[in-house]
Amino acid sequence: MRTFPLLAWLFAGSVGLGVGVPPARGSEGVEFFETRIRPLLVEHCYRCHSSAEGEAKGGLVLDTQAGWMNGGDSGPALVPGEVAGSLIVQAVEQADPDFAMPPKYKLSAAEIAALKKWVEMGAPDPRREGVAAPAAPAIDIEKGREFWSFRPVSDPEVPRVVSASWCSDPLDRFVMEGLERAGLSPVGDADRHTLIRRATFDLIGLPPTPAEIAAFVGDPAADREAFAKVVDRLLASPHFGERWGRHWLDVVRYGESTGRTRNYPFPFAWRYRDYVIAAFNNDKPYDRFLVEQLAGDLLPAASASQSDTQQIATGFLAIGSMNLDERNEAKFEMDMVDDQIDVTGRAFMALTTGCARCHDHKFDPIPTADYYALAGIFSSSVGLSGYGARLGGHNNMRADRLFVLRAEVAGGPGTALEQQEVAMQDGERRLRKQLAELRDAQWAVEGRVTCHEMSAGGRWFARYLGGAVDGYDVAAGRGRARELGAQIEGLAREAADLEEERRRASAPIPSNLAMGVRDSGRVADSQICVRGDIRNRGREVPRGFLQVLTTGPQPELPADASGRLELAEWMADPSHPLTARVMANRIWHHLFGRGIVRTVDNFGNSGERPSHPELLDHLAGRFSGEMGWSVKGLVRAVVLSRTYRLASTHNEGSYARDPENVLLWRANVRRLEAEALRDAMMHVSGRLDLAPAEGSPVQEIEIDEIGGKAIRSKLKGFAHRSVYLPIVRGFVPE
């Protein structure tokens with residue numbers, strides 16, 4: 001039977017793994033353990049199952065890998081890869097009340113799901129010791145600064161190579177130097193048909209048309225000059241932003257629902273998606289792109305439209321998953337802060353900063369104090385996601401937990417709703433003012449204030465009693481008081497009804513609302529949560545940045561602002577050792593199928609080392625220097641290089657010496673992603689609508705828990721590009 005490669009991979013992936021999930025790579029598995037499993041074990045299990053605590057109930061300890069492998073009186077605590085056969089899963093699911101752990105309560109659904117996923121991944125666990133690990137030594141920040149990625153970006157000299165005539169860009173010389181040192185030679189160039197197909201998919205995610213292929217193949221210009229015309233056309237295409245915006249949305253965990261235990265929709269997340277696509281299309285300088293996402297609300301704006309755009313950019317910090325069943329408001333907020341620290345560290349610095357929430361980072365020089373220095377910055381801000389902690393009641397989306405766009409063009413289909421909102425708010429203020437006046441009048445009639453005080457009040461008293469202050473009829477006054485009391489009760493009910501109507505009307509209907517963050521007005525440093533437990537507070541840590549990436553004293557943060565703007569500017573400074581390196585590596589990864597640092601989200605000690613460190617610094621320096629942080633500029637330089645234009649021809653001798661093609665003696669053969677495959681099939685069949693989608697189908701879903709049927713019904717006949725498909729957590733399009 002003949003199968004397409006994608007289908008064959010999907011079929012193969014479902015065999016032998018039970019649930020079709022491939023085993024986690026080392027660094028990914030360790031990261032999952034450190035961020036999701038170790039904190040869970042510390043909070044819920046160590047009190048009774050820890051050699052460090054001197055407790056091994058049932059003969060089981062869980063603070064070492066050997067502990068769960070050896071197991072207790074009932075045998076091994078878990079079987080890696082076998083969820084159903086693992087005792088620890090059976091215990092936390094508590095189907096058998098005599099075998100329920102923890103004994104006095106049950107883990108949340110999200111915690112149980114994380115534990116299952118860990119077992120399913122093969123139970124990666126970096127705790128190799130047979131006994132509990134001793135207390136970790138204090139982190140040496142100075143020594144940590146010697147690590148390759150924490151050193152300043154260098155300005156390496158462009159190498160002199162024998163085959164200089166082969167090189168068409170300085171970056172080629174770095175590649176050729178490695179090949180010559182290894183005694184290898186690059187294969188020939190790709191033919192024009194192959195090259196235009198490669199570049200068109202890489203730059204806009206669509207196949208070239210027959211006319212485009214014919215024009216390039218028949219162009220009499222030299223190969224590089226003819227190809228430059230193709231590249232410039234693709235970079236100018238509006239589809240460039242859709243293709244590269246999709247890459248960025250993957251990095252920043254873009255989703256249109258809360259996920260976790262109660263999966264509620266984010267009807268306005270699409271505005272951030274559109275911001276990202278426009279930023280790549282307009283070639284917004286990457287340093288500005290970074291600052292707007294972290295602190296766009298704190299930047300000056302020349303117009304309401306610019307202010308809206310900058311606020312929408314901060315949706316980066318608001319679109320993370322959240323547990324709406326969390327009743328502890330402090331924990332809900334700290335979990336949101338943790339998500340913001342984690343995504344900021346990964347996206348811009350390729351660091352797993354979130355691992356330091358419960359303990360000093362196990363691999364990188366990031367002490368817990370540095371984590372809470374960042375936490376003070378983010379906890380001094382308010383996340384405008386539309387939702388909050390459940391606190392025992394039903395969690396409904398609220399307009400006051402979202403940002404209201406000010407520019408007229410931003411309202412779109414929600415302009416009428418905005419007018420309704422304003423009318424309701426004005427009506428509510430009017431009612432509450434009348435309510436206050438009626439209460440004042442009632443107090444006057446009941447004699448709670450003196451005649452002198454009433455006459456000083458003057459006009460309102462005459463309005464309600466219809467007479468002079470002195471010598472009024474007390475009996476009539478009491479009757480009037482009863483009337484006023486009835487009016488007060490009626491107004492109170494009307495105000496409450498209006499509030500409920502405003503709440504219900506604002507959420508489900510598309511309007512000029514957006515997700516984002518703003519400073520809370522309650523700026524405060526954060527206390528360390530010992531072992532990540534919000535109930536166990538330690539010393540207070542001043543707001544600040546990662547010590548290993550700063551020299552000298554920490555920057556001084558304003559007392560009346562969160563410090564997000566200063567954090568963003570610190571990361572966007574060309575002297576920052578990670579920002580330009582990380583983005584240059586991401587661009588290389590998307591153009592070659594593998595980054596110079598293969599672990600694109602991890603430049604720390606548990607990540608892989610760069611295959612061409614001087615090349616990475618060369619690209620980072622050009623990106624933040626002469627190119628002015630232009631993503632299109634760096635993409636153009638790489639795509640026009642001789643290295644990118646190589647054929648994928650096999651060479652037995654080169655393969656024997658470099659089977660993984662680390663030295664880039666040929667082009668890597670890459671599979672097309674599912675989204676690009678869908679777009680390509682629909683495009684060649686004439687069914688793809690190339691116009692940008694307006695909004696998202698998620699806007700049409702009721703503000704309630706989302707089911708798969710509701711999402712699938714919205715996808716019928718959806719003909720726009722895949723980047724516009726709704727990304728609902730738990731129900732990603734099949």
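Ring pair Phe623/Trp588: centre-to-centre distance not below 6.0 Å. Residues Phe289 and Trp248 bring their aromatic ring centres within 6.0 Å. In this structure, the ring of Trp244 has its center no less than 6.0 angstrom from the ring center of Phe280.
The aromatic rings of His576 and Trp570 stand perpendicular to each other, their planes meeting at an angle above 60°, with 30° marking the opposite boundary. Between Phe316 and Tyr272, the angle of the ring planes lies from 30° to 60°, which puts this pair in the tilted group.
Salt bridge present: Glu673 and Arg243 bring a charged side-chain N and a carboxylate O closer than 4.0 Å. Look at Arg670 and Asp202 and you find a salt bridge, because one of the NZ, NE, NH1 or NH2 atoms lies within 4.0 Å of a carboxylate O, short of that distance. Salt bridge annotation for Glu675-Arg721: absent, with no cationic side-chain nitrogen under 4.0 angstrom from a carboxylate oxygen. Ion pairing between a basic and an acidic side chain is recognised when a charged N comes within 4.0 Å of a carboxylate O; Asp342 and Arg357 show no such pairing. Between Arg586 and Asp601 there is a salt bridge, with a side-chain nitrogen of the basic residue lying less than 4.0 Å from a carboxylate oxygen of the acidic one.
Interatomic distance, CZ of Arg636 versus CG of Leu634, reported as 12.0 Å (0.5 Å rounding). Here Arg406 contributes atom CZ and Gln311 contributes atom CD; the two are 9.5 Å apart, rounded to the nearest 0.5 Å. To the nearest 0.5 Å, the span separating CG on Leu405 from CZ on Phe268 amounts to 9.5 Å. A distance of 11.0 Å separates OG of Ser624 from CG of Leu619, quoted to the nearest 0.5 Å. The CG atom of Leu374 sits 13.0 Å away from the CZ atom of Arg564 when rounded to the nearest 0.5 Å. Separation of atoms CZ (Arg197) and CZ (Phe201) is listed at 4.5 Å; rounding is to 0.5 Å.
A donor-acceptor contact shorter than 3.5 Å is absent between the side chain of Arg401 and the backbone of Ser385. Panel note: side chain Arg598, backbone Arg594; no donor-acceptor pair is recorded below 3.5 Å. Proximity of a side-chain donor or acceptor of Thr200 to a complementary backbone N or O of Ile204 within less than 3.5 Å is not detected. In this structure a side-chain-to-backbone donor-acceptor pair under 3.5 Å is present from Gln699 to Ser696. With hydrogens and angles ignored, the 3.5 Å screen pairs a side-chain donor or acceptor of Glu256 with a backbone N or O of Ile727. Not one N or O on the side chain of Ser381 forms a donor-acceptor pair closer than 3.5 Å with the backbone of Val517. Using modelled atom types, one side-chain atom of His720 and one backbone atom of Ala691 make a donor-acceptor pair closer than 3.5 Å. The backbone N or O of Gly695 sits less than 3.5 Å from a side-chain atom of Arg273, completing a donor-acceptor pair. Remark: side-chain polar atoms of Asp283 are paired, donor with acceptor, to backbone N or O of Val631 under 3.5 angstrom. The backbone N or O of Gly259 sits nowhere less than 3.5 Å from a side-chain atom of Ser321 that would complete a donor-acceptor pair.
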side-chain contact (heavy atoms from CB on, under 4.5 Å) between Leu324 and Arg260, worked out: CA-CA 8 Å; Leu324 296 186; Arg260 302 206 188 181; over 6 Å; no
Verdict with supporting geometry, Gln293 and Arg288, side-chain hydrogen bond (donor to acceptor under 3.5 Å, both in side chains): CA-CA 9 Å; Gln293 290 177 85; Arg288 177 71 184 194; over 6 Å; no
Is there a side-chain hydrogen bond (donor to acceptor under 3.5 Å, both in side chains) between Asp297 and Thr314? Walk through the geometry before answering. CA-CA 7 Å; Asp297 59 307; Thr314 65; 5.0 Å; no
Run the side-chain contact (heavy atoms from CB on, under 4.5 Å) check on Asp287 and Asp573 step by step: do they pass? CA-CA 8 Å; Asp287 58 341; Asp573 192 292; over 6 Å; no
Take Ser722 and Arg678, measure what side-chain hydrogen bond (donor to acceptor under 3.5 Å, both in side chains) needs, and give me the verdict at the end. CA-CA 7 Å; Ser722 298; Arg678 170 191 177 270; 3.0 Å; yes
Decide yes or no on side-chain contact (heavy atoms from CB on, under 4.5 Å) for Leu725 and Phe718, but give the supporting numbers first. CA-CA 8 Å; Leu725 286 168; Phe718 190 90; 3.4 Å; yes
Apply the test side-chain hydrogen bond (donor to acceptor under 3.5 Å, both in side chains) to residues Tyr724 and Glu242: give CA-CA distance (whole Å), side-chain angles for both, the deciding distance (0.1 Å), then the verdict. CA-CA 9 Å; Tyr724 299 110; Glu242 293 169 336; 2.8 Å; yes
Run the side-chain contact (heavy atoms from CB on, under 4.5 Å) test on Ile312 and Met515 for me, step by step, so that the C-alpha distance in whole Å, both residues' side-chain angles and the decisive distance to 0.1 Å come before the verdict. CA-CA 6 Å; Ile312 289 169; Met515 302 172 70; over 6 Å; no
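For the pair Arg198 and Tyr644, the cation sits on the ring face: its NZ or CZ lies under 6.0 Å from the ring centre, inside 45° of the axis.
The two residues Ala350 and Val582 make their nearest non-hydrogen contact at CB-CG2, 3.6 Å. The nearest pair of heavy atoms linking Leu688 to Asp679 is CD2-O, 3.7 Å. Across every non-hydrogen atom of Gln340 and Leu317, the tightest pair is NE2-O, 3.1 Å. For the pair Val638 and Leu171, the tightest heavy-atom approach, listed with the atom from each and the gap, is CA-CD2, 4.0 Å.
More than 12 heavy atoms of other residues, nucleotides or ligands shown are found within 6.0 angstrom of CZ on Arg253. The number of heavy atoms from other shown groups lying within 6.0 Å of CD (Glu694) does not exceed 12.
Two residues are said to be in side-chain contact when any heavy atoms from C-beta on lie closer than 4.5 Å; Thr344 and Met571 meet this criterion.
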